Asks: 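Once you've had a glance at the structure underneath, I'll fire off some questions.
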Amino acid sequence: MPPKSFNEKIYKLLKKVPKGKVTTYKLLAEALGTKAYRAVGQAMRCNPYAPEVPCHRCVSSDGKIGGFSGSIDPNSKEVRRKMKMLKGEGIKTKGNKIVDFEKVVWMD
DNA sequence: TATTTGACCAAGA
DNA sequence: ATCTTGGCCAAAT
């Protein structure tokens, strides 16, 4: 069978992340056996896979929120909704950062 | 095919 | 603490 695009791998892996946990672009890339941290973010940039991909569970390695409040308007309705969802999953966010980041980072 | 871009990362100033 | 630089990889144009 033809190899799927990296985007699909990423999306698949991201779906694999247990709820209430988060992952970093780096971890995802490394988990895929690559170092395309950027490609990962690039893939979700527009989230071509829609709600199947919980992009809100993806954060930067510093525990900061990427995209949602980093480069995109933190006051956007969409963004705030995602943050709220994170909170609802047990992930507390402090401004644009994650609280107890090390505790919620994905480790399978 | 080549160039640009991008929700990154780590290190240095 | 913030800003800059270099590096990495893949997708989009």
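These numbers were taken from a predicted model, which means no experiment stands behind them.
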Asks: With sequence neighbours left out, what residues match A:Ser76 under side-chain contact (heavy atoms from CB on, under 4.5 Å)?
Replies: A:Asp73, A:Val79
Asks: So among A:Asp62, A:Val105, A:Val104, which one has a side chain to side chain contact (heavy atoms under 4.5 Å, CB included) with A:Ile98?
Replies: A:Val104
Asks: Could you pull out all residues at least two apart from A:Tyr11 that satisfy ring-ring contact (aromatic ring centres under 6.0 Å, His included)?
Replies: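 Counting only residues at least two positions away or on another chain, A:Tyr11 forms a ring-ring contact (aromatic ring centres under 6.0 Å, His included) with A:Tyr49.
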Asks: Between A:Thr93 and A:Lys97 (side chain of the first, backbone of the second, donor and acceptor by atom type, cut-off under 3.5 Å), is there such a pair?
Replies: no
Asks: When you list every nucleotide of DNA chain B with an atom under 4.0 Å from a heavy atom of chain A, which one comes first 5' to 3', and which comes last?
Replies: B:dT5 to B:dA10
Asks: Could you state the CG-C1' distance from A:Leu28 to C:dA11, rounded to the nearest angstrom?
Replies: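 Atom-to-atom, A:Leu28 to C:dA11, this comes out as 17 Å.
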Asks: In whole angstroms, how far is the P atom of C:dA11 from the NZ atom of A:Lys4?
Replies: 14 Å
Asks: What contact category does A:Phe6 fall into here, base, sugar-phosphate, or nothing, at under 4.0 angstrom with non-hydrogen atoms?
Replies: sugar-phosphate
Asks: Between P on C:dC9 and CG on A:Leu27, what's the gap in Å once rounded to a whole number?
Replies: 17 Å
Asks: What's the spacing between A:Ile10 CD1 and A:Thr34 OG1 if we round to 0.5 Å?
Replies: 8.5 Å
Asks: For A:Cys55, report the nucleic acid contact type (base, sugar-phosphate, nothing); a contact means any heavy atom under 4.0 Å.
Replies: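 Counting heavy atoms under 4.0 Å across all strands, the contact made by A:Cys55 includes a base.
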Asks: Could you state the atom-to-atom distance from NZ of A:Lys26 to P of C:dC8 in whole Å?
Replies: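 Going from A:Lys26 (NZ) to C:dC8 (P), I get 14 Å.
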Asks: What is the distance from CZ of A:Arg38 to C1' of C:dA10, rounded to the nearest Å?
Replies: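 Atom CZ in A:Arg38 sits about 11 Å away from atom C1' in C:dA10.
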Asks: Rounded off to whole Å, could you give me the CG-to-C1' distance for the A:Asn7 and C:dA10 pair?
Replies: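 Going from CG in A:Asn7 over to C1' in C:dA10 covers 8 Å.
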Asks: Please check this pair: side chain of A:Arg57 against backbone of A:Thr23, looking for a donor-acceptor N/O pair closer than 3.5 Å.
Replies: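 No; judged by distance alone, with no hydrogens or angles, the pair does not exist.
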Asks: Nearest heavy atom decides the nucleotide; on that basis, is A:Lys64 or A:Arg45 closer to the 5' end of DNA chain C?
Replies: A:Lys64
Asks: Grab the OH-C1' distance between A:Tyr11 and C:dA11 for me, whole Å please.
Replies: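 Taking atom C1' of C:dA11 as the reference, OH of A:Tyr11 is at 18 Å.
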